[in-house]
Asker: 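Sharing a structure with you now.
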Amino acid sequence: MQTMQNMELNKNALAYSATTLAATMMNSIFQFYYVKIFLNVYRISNYWFNVAQVVFLIWNAINDPLFGYFQDSSTWVVLRKRRLAILYGAPFFAISFLTPWFPWTWFGFSGDWVVGLHLMTSLCLYDGMFTFVLLAQCALFAEISTQQDERQRTLKYVQVAAIIGSVALLVSTNVYKNEQSNFQSFQAVCIIVAFLSWLLMRYTGMNVQVAVEACNTNNTPNQDGKMSKDSIPLLTLLKQILSQRSFVCFVAMNFFQVFHVTFCSNFFLIFAENLIGPDVIPAILYSLLTGSVFLLPRLLVLLTSPLLARFGSYKVILWSFYIKVSLPVFVFLAGRNNIWVLYFFLIIDNSLPDATFSLFNLSVSDIIDHDMEKYQRNAPVSSMIFGTNALFTKPAQSLAPMMVVYILSWYGYKDTQDMNKDKGTSGTQSELLDAMFFLLCLIPLVIAVVQLVVWTFYPLKRPTKAPDISKIVA
């Protein structure tokens, strides 16, 4: 009987991780290339780039909590399963992924404002569908099982799926080596990735099963006297969530983690090309540099599974912050001209934050369990908690590129794109490289110090036992 249960859990974890595979393929390419393509291919101005990011900030403030409340509300419970959000959202998510890669100038439009509107539309449409589908999947993580060991097993499946998903980025980086000559091949790769992602998300939506299944939508007290979550107004639910110290500490820490991960993914190629360059080190090592930062984070999570089981996610996350504090100091002392120190730092600094970020679902699941126990809810408000977290952390996805693009432009980055890629010692180029090196060291250091301070106040240092499934009544 136990063997059959394990087989069922494995199949369930496999179905759940199919969406992770799809999202990894699309999101890694999107985050890795959209800044570079809009700057170098579409030649967007700083003004319209910043306008698009501000619009994106406002959009995030609207859609994240509303999607979360919708998926936890009675309207959604009528549909009976969160997996329907993945099933029906999948084709629109795949289409939104394709929007940045096809310039609107092809359709007869011209002008810098057109490129700016294209970026606004791409960011908001992609993020809207990303939020709608991934909020449902994140909520499923907390509801697919109520046991910590089963959640950690699902996490392993997720990391394996993410490793496989990184192959899409490896293919795209090998296809797309020049902004002008290989762009159509890159577009073809993106179309294939979008189609495969739709099929994978469809598989999740049709096969994943949850431990907590909604079966009625009335707003009356249940047999234990607990009120249905559907009767709680949005503002009251927000107030309850925001009053918990565990949630506030996690969100503050996560904001800086999102900033760091976005900074790494958006500017990794730019920094690697300018501070190291493909001609300075052997070609195979340069390929390993771009490939390892997407495979290594998943391997790190798998390798730290024994530490997670023994010490819990809180301590593993805390240890990662100590590493993040020490590494930038060492690199800064080594200097910009120490190519090999920079080489390994780029790998670690891009891999460690991403690996740590993968553990956050465990912490949010603990917060969901604690919230359910504290307010005696008859069912978890998983999507609302994930959505409220996204409300405060997603602005970092806009702030990171806005800040770094402004600084790089101040030091003449766009001017260097109009000249030959000559690694000379001109004053402008030298100042630009110094600015890149300074950003590369300072941003991770400041972020890690703030995260260390905030994370010490997080109260759920050892997760409590998840609620008994038999006491959860929809």
Side-chain angles (χ1 to χ4, degrees), residues 58-85 89 127-128 130-144 146 210-255 360-361 363-395 458-460 463-464 466-467 469 471-474:
I58 298 171
W59 168 253
N60 280 330
I62 298 172
N63 76 320
D64 290 299
L66 288 181
F67 279 158
Y69 187 71
F70 171 70
Q71 291 187 13
D72 279 328
S73 69
S74 58
T75 304
W76 184 251
V77 171
V78 169
L79 298 177
R80 298 181 63 86
K81 296 180 185 294
R82 295 185 193 275
R83 63 183 179 83
L84 294 182
D127 182 76
F130 180 93
T131 299
F132 184 76
V133 173
L134 270 294
L135 265 183
Q137 194 209 18
C138 288
L140 282 174
F141 185 87
E143 299 170 8
I144 201 172
T146 58
V210 296
V212 185
E213 196 66 77
C215 58
N216 79 65
T217 61
N218 61 52
N219 292 337
T220 58
N222 61 31
Q223 58 197 13
D224 297 324
K226 301 177 184 178
M227 288 298 296
S228 166
K229 64 183 178 183
D230 302 335
S231 63
I232 303 176
L234 174 61
L235 292 180
T236 302
L237 192 55
L238 272 173
K239 183 178 178 181
Q240 291 177 347
I241 293 172
L242 293 174
S243 66
Q244 300 176 59
R245 184 162 65 114
S246 58
F247 181 81
V248 173
C249 289
F250 176 82
V251 165
M253 180 274 295
N254 193 19
F255 173 87
F360 287 1
N361 273 359
S363 298
V364 180
S365 295
D366 295 335
I367 294 172
I368 291 170
D369 295 340
H370 177 73
D371 169 86
M372 188 173 173
E373 181 179 355
K374 178 179 180 180
Y375 290 102
Q376 293 294 296
R377 305 195 193 280
N378 67 320
V381 287
S382 309
S383 291
M384 189 62 191
I385 289 178
F386 275 104
T388 308
N389 165 69
L391 168 66
F392 293 102
T393 58
K394 274 195 175 180
Y458 181 74
L460 304 179
T464 56
I469 185 72
K471 296 180 180 179
I472 299 176
V473 181

Asker: Which pair of non-hydrogen atoms, one from S363 and one from Y458, has the smallest distance, and what is that distance?
Answerer: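 Here S363 and Y458 meet closest at O-OH, 3.6 Å.
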Asker: With S243, which residues qualify under side-chain hydrogen bond (donor to acceptor under 3.5 Å, both in side chains), at least two apart?
Answerer: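 Here the qualifying residues are Y375.
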Asker: Closer than 3.5 angstrom, by distance alone: can the side chain of Q244 be matched with the main-chain N or O of Q240 as a donor-acceptor pair?
Answerer: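 It does hold such a pair.
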Asker: Find out whether R377 and L237 are in side-chain contact, i.e. whether some heavy atom of one side chain is under 4.5 Å from a heavy atom of the other.
Answerer: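 Side chain of R377 against side chain of L237, heavy atoms only: contact under 4.5 Å found.
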Asker: As an exercise, state the distance from CZ of F247 to CD1 of I241, rounded to the nearest 0.5 Å.
Answerer: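 The distance works out to 6.0 Å.
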Asker: What distance do K394 atom NZ and N389 atom CG have between them, rounded to the nearest 0.5 Å?
Answerer: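 Answer for the NZ-CG pair, K394 versus N389, is 10.0 Å.
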Asker: Does the side chain to side chain contact (heavy atoms under 4.5 Å, CB included) test come out yes or no for T388 and M384, once each step is laid out?
Answerer: CA-CA 6 Å; T388 308; M384 189 62 191; 3.8 Å; yes
Asker: Looking at A85 and A136, what are the two nearest heavy atoms and their distance?
Answerer: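 Scanning both residues completely, I find the closest heavy atoms to be CB-CB, 3.6 Å.
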Asker: Enter the distance from I367:CD1 to K374:NZ here, rounded to the nearest 0.5 Å.
Answerer: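 Result: 12.0 Å between the selected atoms.
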Asker: How long is the straight-line distance from CG of N254 back to CZ of F392, given to the nearest 0.5 Å?
Answerer: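 One finds 12.5 Å between CZ of F392 and CG of N254.
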Asker: For I368 and V381, what are the C-alpha separation, side-chain angles and deciding distance, and is it a side chain to side chain contact (heavy atoms under 4.5 Å, CB included)?
Answerer: CA-CA 7 Å; I368 291 170; V381 287; over 6 Å; no
Asker: Relative to the ring of F250, is the ring of F360 parallel (under 30°), tilted (30 to 60°) or perpendicular (over 60°)?
Answerer: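 Perpendicular.
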Asker: Step through the shown structure and confirm whether more than 12 heavy atoms of other residues, nucleotides or ligands are within 6.0 Å of NZ on K239.
Answerer: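 No, NZ of K239 has 12 or fewer neighbouring heavy atoms, counting only those of other groups under 6.0 Å.
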Asker: As an exercise, state the distance from CG of L391 to CG of L242, rounded to the nearest 0.5 Å.
Answerer: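 Result: 8.5 Å between the selected atoms.
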Asker: Between atom CG of L460 and atom CG of D366, what is the distance when rounded to the nearest 0.5 Å?
Answerer: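 Here the interatomic distance stands at 6.5 Å.
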